[in-house]
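The model shown is predicted, which means the values in this text are computed figures rather than measured ones. Heavy-atom basis, side chains included; hydrogens, waters and symmetry copies ignored.
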Amino acid sequence: QVQLVESGGGLVQAGGSLRLSCAASLRTFSSNAMGWFRQAPGKEREFVATISGGDGFTSYADSVKGRFTTSRDNAKNTVYLQMNSLKSEDTAVYYCAARTGALTRRRFNEYTIWGQGTQVTVSS
């Protein structure tokens with residue numbers, strides 16, 4: 001059974017950092033584009049970052065550009081989201097997702113496999 005398992009969430013003060021990990025049980029992991037999304041209470045799920053399969057091209061939402069970095073370790077079947085200079089508005093449940101194919105996408109309906117989510121809370 002294909003699974004994505006996120007970890008690394010928690011409570012952090014504004015200005016602090018967290019690193020999220022997402023371990024994937026995908027045989028084709030190195031070829032799959034991976035995405036990060038988040039959902040705050042009462043809000044829709046929104047795109048955060050994505051990384052392509054193959055060459056590891058990355059793309060970010062404007063709200064996190066320059067603060068967040070996504071990367072992948074294909075030997076460990078793991079994708080990461082390094083979050084720096086965190087703000088209270090970054091508080092949300094963060095999800096990783098996988099899509100069929102290597103190309104990055106920003107719409108959540110382009111992703112077919114989802115993790116359970118991990119809570120990130122930033123106190124001001």
Side-chain angles (χ1 to χ4, degrees):
Q1 182 177 357
V2 175
Q3 282 188 313
L4 301 179
V5 180
E6 299 103 333
S7 60
L11 174 64
V12 63
Q13 288 188 333
S17 299
L18 281 175
R19 188 176 81 153
L20 305 184
S21 300
C22 174
S25 60
L26 284 166
R27 288 184 299 168
T28 59
F29 177 79
S30 63
S31 301
N32 293 94
M34 302 295 293
W36 290 95
F37 294 78
R38 66 186 182 187
Q39 188 165 19
K43 294 188 176 181
E44 295 185 350
R45 189 168 301 192
E46 65 171 354
F47 166 76
V48 175
T50 181
I51 184 166
S52 69
D55 62 4
F57 172 82
T58 58
S59 179
Y60 300 91
D62 287 344
S63 59
V64 307
K65 197 174 295 182
R67 299 188 297 123
F68 290 13
T69 303
T70 188
S71 60
R72 65 192 301 157
D73 185 338
N74 291 332
K76 295 182 179 179
N77 273 31
T78 301
V79 62
Y80 303 97
L81 183 67
Q82 177 67 44
M83 306 185 293
N84 299 328
S85 302
L86 283 161
K87 306 174 182 179
S88 57
E89 51 262 45
D90 295 319
T91 295
V93 177
Y94 283 71
Y95 299 89
C96 72
R99 64 179 305 270
T100 301
L103 300 180
T104 58
R105 292 290 186 268
R106 294 183 169 221
R107 293 183 299 181
F108 72 87
N109 60 3
E110 298 270 10
Y111 293 79
T112 55
I113 305 168
W114 291 82
Q116 81 286 356
T118 185
Q119 176 71 46
V120 171
T121 303
V122 183
S123 63
S124 56

Heavy-atom donor-acceptor pair, Asn32 side chain to Arg99 backbone, under 3.5 Å
yes
Find out whether the Lys NZ or Arg CZ of Arg38 is both under 6.0 angstrom from the six-membered ring centre of Tyr95 and within 45° of the ring's axis.
no
Test item: Ile51 and Thr104 side chains (from C-beta on) under 4.5 Å apart, heavy atoms
no
Going from CD on Gln1 to CD on Gln3, what distance comes out if it is rounded to the nearest 0.5 angstrom?
5.0 Å
Is it true that Thr50 and Tyr111 share a donor-acceptor pair across their side chains at a distance under 3.5 Å?
yes
Backbone N/O of Gly15 and side chain of Ser85: donor-acceptor pair under 3.5 Å
no
pair Glu6-Trp36: side-chain heavy atoms closer than 4.5 Å
yes
Closest non-hydrogen atoms of Val79 and Ser71, given as atom of the first, atom of the second and distance, are CG2-O, 3.1 Å
Assess the residue pair Phe37 and Trp114 against the criterion (ring-ring contact (aromatic ring centres under 6.0 Å, His included)); give the C-alpha distance rounded to whole Å, side-chain angles, the decisive distance to 0.1 Å, and a yes or no.
CA-CA 10 Å; Phe37 294 78; Trp114 291 82; 5.1 Å; yes
Is there a donor-acceptor pair closer than 3.5 Å between any side-chain N or O of Thr78 and the backbone N or O of Lys76?
yes
Take Arg106 and Ser59 through the side-chain hydrogen bond (donor to acceptor under 3.5 Å, both in side chains) test and state the conclusion after the steps.
CA-CA 9 Å; Arg106 294 183 169 221; Ser59 179; 2.6 Å; yes
Val48 and Tyr60: CA distance, side-chain angles, deciding distance, side-chain contact (heavy atoms from CB on, under 4.5 Å) verdict:
CA-CA 6 Å; Val48 175; Tyr60 300 91; 6.0 Å; no
Option from Asp90, Thr121, Val122 for which side chain to side chain contact (heavy atoms under 4.5 Å, CB included) with Val12 holds:
Val122
In one Ile/Leu/Val/Met/Phe/Trp/Tyr side-chain cluster, 4.5 Å: Tyr80, Met34:
no
Establish, yes or no, whether the cationic atom of Arg72 lies under 6.0 Å from the six-membered ring centre of Phe29 and within 45° of the ring axis.
yes
Side chains of Ser17 and Asn84: any donor to acceptor distance under 3.5 Å?
yes
Can you tell me which residue among Leu20, Thr91, Val93 is in a side chain to side chain contact (heavy atoms under 4.5 Å, CB included) with Val120?
Leu20
Is it the case that the side chain of Glu46 and the backbone of Gln39 share a donor-acceptor pair, with hydrogens and angles ignored and the cut-off at 3.5 Å?
no
Please report the shortest heavy-atom distance between Ala40 and Ala92, naming the atom on each side.
N-CB, 3.8 Å
